[in-house]
2 protein chains.
Amino acid sequence: MALPNGPVTASSEAEAVLFDLVDVYDRAYEAAAAELSLSPAQACLLGRLDERRGMSALAEELGCDASNITQIVARLEALGLVTREPNPRDRRVRLVTRTPQGDEINHRFAAAFTFARTAVERLSPDEQNQLTALLRKALS
Amino acid sequence: MALPNGPVTASSEAEAVLFDLVDVYDRAYEAAAAELSLSPAQACLLGRLDERRGMSALAEELGCDASNITQIVARLEALGLVTREPNPRDRRVRLVTRTPQGDEINHRFAAAFTFARTAVERLSPDEQNQLTALLRKALS
DNA sequence: ATAGATACTTGAGTCCATCAAGCAATCGTT
DNA sequence: AACGATTGCTTGATGGACTCAAGTATCTAT
């Protein structure tokens, strides 16, 4: 389990609840990945492959170094969840695609990561809209 | 930068905003730590030392293995931010304490991690209460 | 006094992450 | 068409976080 990203001292109740949320969310994500023997990074990457993508596109999207993607994709490939095919239109690019097995695992991961969904579902539709509006404002 | 913990597909707008929040929060935490040349785990641990604690207390509080704490504390000690003193009442225990320098760094980290604070401050007091209530309900 | 629990460390192994260096393919310019 | 620069990716090295298994020292309970 990754250590939580807690504030040193919360300056308000809202801030404390925010921290709780982030912590529980991250742990739930990690736990869901672990159920399928994936690391969070692997689960994340697998989830971004609804369309095939080049490695640098993934690196940019995920905000990390390309060589990091190389490693993670290599492990996913070794697990049979992903393939790397050359792009005929630009032979520098290697297109990453989920295998059928990768689709299956990705689907099961989506089912296992219930946290965000069930949290939202504890709220009425009205409350969901309020929450969305408040968070959007807080994030702006 | 750690890869984000995004849901495979968001089932609602609220869920998508939740994910955004977590992602931005985590990145801000990491960036604040990086400003002080700390890893997120180091910043987190340093923040838990307002009172001195034994290693296993820290491990339990943070939800990880004791040997992980040993390592992180060793690095913080090498940086001069923390000391390990034997507990005279139980010589198995090694009490971890922030040094004055550790206090200073911890204080600067708290100042650097503005994300949660400023996000909350974009809301009126009323809205802050609403948000707190909604998140509490969602987390229950 | 001894057996068992507790606190911590060490060592080995995996993964994530970053940086520097390198190769191959493409692009832009002339 | 050819050259240099850029782009896409990989490799190798390094470091931190994390886990597990094994080990030592101390404490507790009987």
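Below, chain A is the first sequence line, B the second, and so on; all start at residue 1. Only a predicted model underlies this, so the values are computations on that prediction, with no experimental measurement involved.
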Just to confirm, is there a sub-4.0 Å distance from OP1 or OP2 of C:dA24 to any side-chain nitrogen or oxygen of A:Arg91?
no
Given DNA chain C, 5'-ward residue of the pair A:Asn87 and A:Gly63, judged by closest heavy atom
A:Gly63
Length of the line joining A:Arg52:CZ and D:dG8:C1', which is rounded to integer Å
17 Å
To the nearest 0.5 Å, how far apart are CZ in A:Arg94 and OG in A:Ser56?
12.5 Å
Once you round it to whole Å, what is the distance between P of D:dT6 and CG of A:Asp90?
17 Å
Specify the separation, in whole Å, of atom CG of A:Leu62 and atom C1' of C:dA17.
13 Å
State whether a side-chain donor-acceptor pair under 3.5 Å links A:Asp126 with A:Ser124.
no
Taking protein heavy atoms under 4.0 Å as touching, what does nucleotides 11-18 of chain D look like 5' to 3' if B marks base contact, S marks sugar-phosphate-only contact and - marks none?
B----SSB
Determine, using ring centers only, whether A:Tyr25 and B:Tyr25 are less than 6.0 Å apart.
no
Here the distance between atom C1' of C:dC23 and atom CZ of A:Arg94, to the nearest Å, is 13 Å
Between D:dC9 atom C1' and A:Leu58 atom CG, what is the distance in whole Å?
12 Å
Just to confirm, is there a sub-4.0 Å distance from OP1 or OP2 of C:dA25 to any side-chain nitrogen or oxygen of A:Arg89?
no
How about B:Arg84 and B:Met55: do any of their side-chain heavy atoms sit closer than 4.5 Å?
yes
Ignoring hydrogens and angles, tell me if any N or O in the side chain of B:Gln128 forms a donor-acceptor pair with the backbone of B:Val120 under 3.5 Å.
yes
Phosphate-side-chain proximity, A:Arg84 and D:dT10, N/O vs OP1/OP2 below 4.0 Å
yes
For the residue pair A:Phe113 and A:Phe115, categorise the inter-ring angle as parallel (less than 30°), tilted (30 to 60°) or perpendicular (more than 60°).
tilted
